[in-house]
Amino acid sequence: MKTIEWKDNSVILLDQRILPNKIEYVVCKDVKSVWHGIQDMIVRGAPAIGVTAAYGMAIGALNINTDDLNTFRKNFKEIGDYLATSRPTAVNLFWAIERMIACSNESVHSVIDLKERLVDEAIEIHKEDELINYKIGENMLSLLEDGCGILTHCNAGALATTKYGTATAAIYLAQEKGWNFKVYSDETRPRLQGSTLTAFELHQAGIDVTVITDSMAAVVMAEGKIDAIIVGADRVAANGDVANKIGTFNLSILARNFNIPLYIAVPTPTIDLETKTGKDIPIEERDPLEVICGFGSFTAPKDVKVYNPAFDVTPADNITAIVTEKGIVRAPFEENLKKLFQY
Ligand SMILES: CSC[C@H]1O[C@H](OP(=O)(O)O)[C@H](O)[C@@H]1O
């Protein structure tokens, strides 16, 4: 199963909204369908959103009808501005758009040459993601040992990326080493990515995974089942505050209470030094129906007020380490995150 595939100048998305019950794909041939693919969470997960946005920019480029490079670049920038409105929190979306726009400003002989260059850049962004995740997994493994109990939240797995995942990379690499981790996957209300996606992909891979309700997290920690909590992120602020799926902040408080390490697994494109603290991270609020109509029938009055932020911010003080492809970052995060970008 491929999360994302580039074929015939289209991007093919595995429809993650209907896993694990059905395996179906959506073919996006234009920018608008890519926008909806991200907004409607056909594809989701910060790295996968970035790769999809890059392909959306490539599709948009191929459909710009002009031979004038300045006109092309102006239209291309407008495509980036449109795709940037699909979801606000995962910084990988904006990182990919900015990288594609930077690529469009490279010197070329013609619009035809530039279109080819942009398609190649999107494919490169896609290819880079797999190696980045492998390196995150290797660095995370250095913090773990055979037989670890791991708690995960939401899905920062292969389905949120192009392979290995970020939070799950160490779990897959441990399996390759012959280690056995016991993984507890928070189902992660309201969209249940932990049970529908993480448990699905790990179970398919033959990894020991147990689904728990979000409210069971303290119990499994109190029972000594958890040696480490590993989650992904949608944006890491310059001071080390982390925006991730709603419920991560809760886990970070429990982790401190039970003295269990909380590791954030992220590729460096998820680190946003322009965003000073977690307070500056835009938090997406999604459709109230995700909360009160998740099982085919209403679980509350249709017109009741609902508060449905899709993410929360975990303060840097609650984080043990931020594990990236370039290395493991510990406090003081503000100072040490900058070092990642100095070489
Ligand atoms: C490596 S995926 C990062 C992140 O994205 C998920 O959110 P969503 O499913 O809404 O896209 C979740 O927060 C993951 O931890």
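Just follow the structure's listing: the first ligand is 1, and inside any ligand the first atom is 1.
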Peer 1: Which heavy atom of the protein is the closest neighbour of atom 8 (P) of ligand 1, given with residue, atom name and distance?
Peer 2: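 The closest one turns out to be Lys245 NZ, 3.7 Å.
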
Peer 1: Atom 12 (C) of ligand 1: which protein heavy atom is closest, and how many Å away?
Peer 2: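 Its nearest protein heavy-atom neighbour is Cys154 SG, 3.4 Å.
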
Peer 1: Picking from Glu106, Glu128, Glu124, what satisfies salt bridge (charged side-chain N to carboxylate O under 4.0 Å, His left out) with Arg99?
Peer 2: Glu128

Peer 1: Please identify which atoms of ligand 1 are closer than 4.0 Å to at least one heavy atom of Asn155.
Peer 2: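 Listed by number with element, the hits are 2 (S), 14 (C).
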
Peer 1: Using the six-membered ring of Tyr82, assess whether NZ or CZ of Lys77 lies under 6.0 Å from its centre and within 45 degrees of the ring axis.
Peer 2: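 No, Lys77 does not lie over the aromatic ring of Tyr82.
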
Peer 1: Pick whichever of Ala160, Ala233, Ala156 has a heavy atom sitting closest to atom 3 (C) of ligand 1.
Peer 2: Ala233

Peer 1: Specify side chain, backbone, both or neither for Met41, according to which of its non-hydrogen atoms lie closer than 4.0 Å to ligand 1.
Peer 2: side chain

Peer 1: Is the charged tip of Lys32 near the ring of Trp35: under 6.0 Å from the six-membered ring centre and within 45° of its axis?
Peer 2: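 No.
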
Peer 1: Could you list the atoms of ligand 1 found under 4.0 angstrom from a heavy atom of Arg87?
Peer 2: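 Listed by number with element: 8 (P), 10 (O), 11 (O).
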
Peer 1: Hey, does the Lys NZ or Arg CZ of Lys245 hover above the aromatic six-ring of Phe311, less than 6.0 Å from the centre and inside 45° of the axis?
Peer 2: yes

Peer 1: Is it true that a side-chain atom of Asp15 and a backbone atom of Arg17 form a donor plus acceptor pair closer than 3.5 Å?
Peer 2: yes

Peer 1: Please report which non-hydrogen protein atom sits nearest to atom 15 (O) of ligand 1, along with the residue it belongs to and the distance in Å to one decimal place.
Peer 2: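 Ranked first by proximity to atom 15 (O) of ligand 1 is Asn244 OD1, 2.6 Å.
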
Peer 1: Quick check on the hydrophobic clustering: are Met216 and Ile230 connected, directly or via other members, by side-chain heavy-atom contacts under 4.5 Å?
Peer 2: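 No; tracing contacts between hydrophobic side chains, which count when under 4.5 Å, never links both residues.
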
Peer 1: Run the numbers for me: atoms of ligand 1, each under 4.0 Å from some heavy atom of Thr166, listed by number.
Peer 2: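 Counting atoms of ligand 1 from 1, those under 4.0 Å from Thr166 are 1 (C).
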
Peer 1: For atom 11 (O) of ligand 1, which protein heavy atom lies nearest, and how many Å away is it?
Peer 2: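 Protein heavy atom at minimum distance: Gly45 N, 2.9 Å.
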
Peer 1: Below 3.5 angstrom, do we get any N/O pair linking Asp234 and ligand 1?
Peer 2: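 The answer is yes, given that Asp234 and ligand 1 share an N or O pair closer than 3.5 Å.
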
Peer 1: Where do Asp208 and Lys182 land on the salt bridge (Lys or Arg N to Asp or Glu O under 4.0 Å) test, with the steps shown first?
Peer 2: CA-CA 5 Å; Asp208 181 341; Lys182 283 183 73 62; 3.1 Å; yes

Peer 1: What atoms of ligand 1 come closer than 4.0 angstrom to any heavy atom of Arg44?
Peer 2: 6 (C), 9 (O), 11 (O)

Peer 1: Regarding Arg286 and Asn308, do their side chains bring together a donor and an acceptor under 3.5 Å, going by distance alone?
Peer 2: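 No pair is found: no donor N or O on one side chain lies under 3.5 Å from an acceptor on the other.
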
